[in-house]
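These notes are about the structure you will find just below.
Per chain, numbering begins at 1; letters A, B, ... match sequence-line order. FYI, side chains are in, hydrogens and waters are out, and symmetry mates aren't considered; it's all heavy atoms of this structure.
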Number of protein chains: 2
Amino acid sequence: MSARKLPVNKFPKQGRATFRLPFTTVDVVIFSVLEDALCILLVRRPSGDAEPYPGKWALPGGFVNVDVDITLEACATRKLAEKTGVSTSYLEQLGSWGGADRDPRGWSATHVYFALIPAEHIQLERGANAADVSWFDVDKFVNETDLAFDHSSILATAVERLRSKVEYTSLPAFLVPEPFSLPQLQRVYEIVLGRSIDKSGFRTRMLAADFLVEDVYLDGTSNRPAMGYRLRDRSMPVLFPRNLGR
Amino acid sequence: MSARKLPVNKFPKQGRATFRLPFTTVDVVIFSVLEDALCILLVRRPSGDAEPYPGKWALPGGFVNVDVDITLEACATRKLAEKTGVSTSYLEQLGSWGGADRDPRGWSATHVYFALIPAEHIQLERGANAADVSWFDVDKFVNETDLAFDHSSILATAVERLRSKVEYTSLPAFLVPEPFSLPQLQRVYEIVLGRSIDKSGFRTRMLAADFLVEDVYLDGTSNRPAMGYRLRDRSMPVLFPRNLGR
DNA sequence: AAAATAGTGTCTGTCAGACAGTATTCT
DNA sequence: AGAATACTGTCTGACAGACACTATTTT
């Protein structure tokens, strides 16, 4: 095996490496449903000579700050809160992307999370850089916009993962504010998947999974009020035994 | 928002960071089926004053070598080959674990992959450190052995992920050498899941998924020869529309 | 012939999808 | 009353699980 001939990273006694370290970043794909469309939050890269991809849209994220972040997930939570004001949401690790070429500044690895937040909870940052944070319709803008770094590819993976998990999980429940009705939840499923779902089957499926708790009736602006539900457990989505059909 | 008061990582023009970087490592959870049991490969941590967890069992892995590895996945492939001699296998990213406390040498983040390899392909490293690489039965030894770093927790996640994906994917096909018969494949499913599966339903399910290609008949040592199959596409597992029952 | 393993056929319960019907509100 | 939306009931086809059956090999 030729592996033995490779240089071996050496480590002296006191924690300072003698070899080059990759950069470590965290990025967050923030999903929400706005105006009947699945959207993601993007930020504009700062301009400046030393900046990579100046002015381009990118996923919110950045370097891990070892003095502040005690874990990767805490770092992702921090970045989410900085951009949206949302402190609690569904957060799941999507994966990591790392290599020599993805950042012009050098070998870097990014840990990517995706977040699902109800539109009503969002409070975009006010002030100078408000114009540099924006929501993008996943279907309309995303494919024709190319993002900084390898973020286009990461985003595509995130959308794929979300859509595929929606087929067999309760994930969309994290995109809608509580309490919500089953028709509201169904609408979110339909928006994310981009197709309509049968009402009766949907209700049976949701109720059988036993992850909803009845709350108050939702007295909408008109017509028959709907039962309002909350999640029994906000920490995890429920997995259904089958995919949705079609 | 208080985030503005946090220190901001600065970047001078020429690619050398002025802030502390986390260590970047890659670890691989290598699964195989040996003697009718689901096993994983562990390596013993080297002894020495400067070494963390000397003598303890750990997942194979180590620092990313920016001069050698061009991507994280390439790094994982390299580490897999170094330990097993296997150069091609199913490799999937499991996730990443990072934080201030997981490595006594400092803030570190590890990118974890899991690999599935057929026992017949394995060629453990010969020589001085052969005793420091060993297979462990997942059910028998893993829960009672505590590993270096946070590897026990990572391993538990890996086993959970593997078992849960086996319920609705063709992943076990990567644990058996081609060509293989349906009874052989079924045996692997049963070993990984730890329960028996109905023969007829299993065959229908596998054949309906259309990921197998007929090869030669397997003339075993005795009894009726079985049809041998190969994978239509070794690059990806197939997803079944339903979980296995029970 | 018997044993062992490979593979098939048939029945049945479950459940998603389709769709028609009922219920409750507002105007 | 009619419109709009919430919710339920019924039928049907697809399919997994159970299990009994047939097929092909070795000894």
Looking only at the side chain of B/Arg203 (C-beta and beyond, no hydrogens), which of the listed nucleotides C/dT8, D/dT8, C/dA16 gets closest? C/dT8
Which nucleotide wins on minimum distance to the side chain of B/Leu244, given the candidates C/dA16, C/dG7, D/dG17? D/dG17
Close N/O contacts between protein and nucleotides 11-15 of chain C (under 3.5 Å):
none

According to ring pair (Phe, Tyr, Trp, His ring centres under 6.0 Å), who are the partners of [X], at least two apart in sequence or on a separate chain?
X        : result
B/Phe149 : B/Tyr53, B/His151
B/Phe136 : B/Trp57
A/Trp135 : none

Per the side chain to side chain contact (heavy atoms under 4.5 Å, CB included) rule, which among B/Pro237, B/Ser89, B/Ser32 passes with B/Phe174? B/Pro237
What is the distance, to the nearest angstrom, from the CG atom on B/Asp219 to the P atom on C/dA6? 12 Å
List, with names and distances, any nitrogen or oxygen atoms from the protein found under 3.5 Å away from nitrogen or oxygen atoms belonging to nucleotides 19-23 of chain D.
residue, atom, partner, partner atom, Å
D/dA23, N3, B/Arg224, NH1, 2.7

Contacts of A/Thr157 that satisfy side chain to side chain contact (heavy atoms under 4.5 Å, CB included) - sequence neighbours left out: A/Leu94, A/Trp97
The answer to which of B/Pro225 and B/Pro241 contacts DNA chain D further toward the 5' end, by nearest nucleotide, is B/Pro241
If the threshold is 4.0 Å, N to carboxylate O, is there a salt bridge linking A/Glu82 and A/Arg78? yes
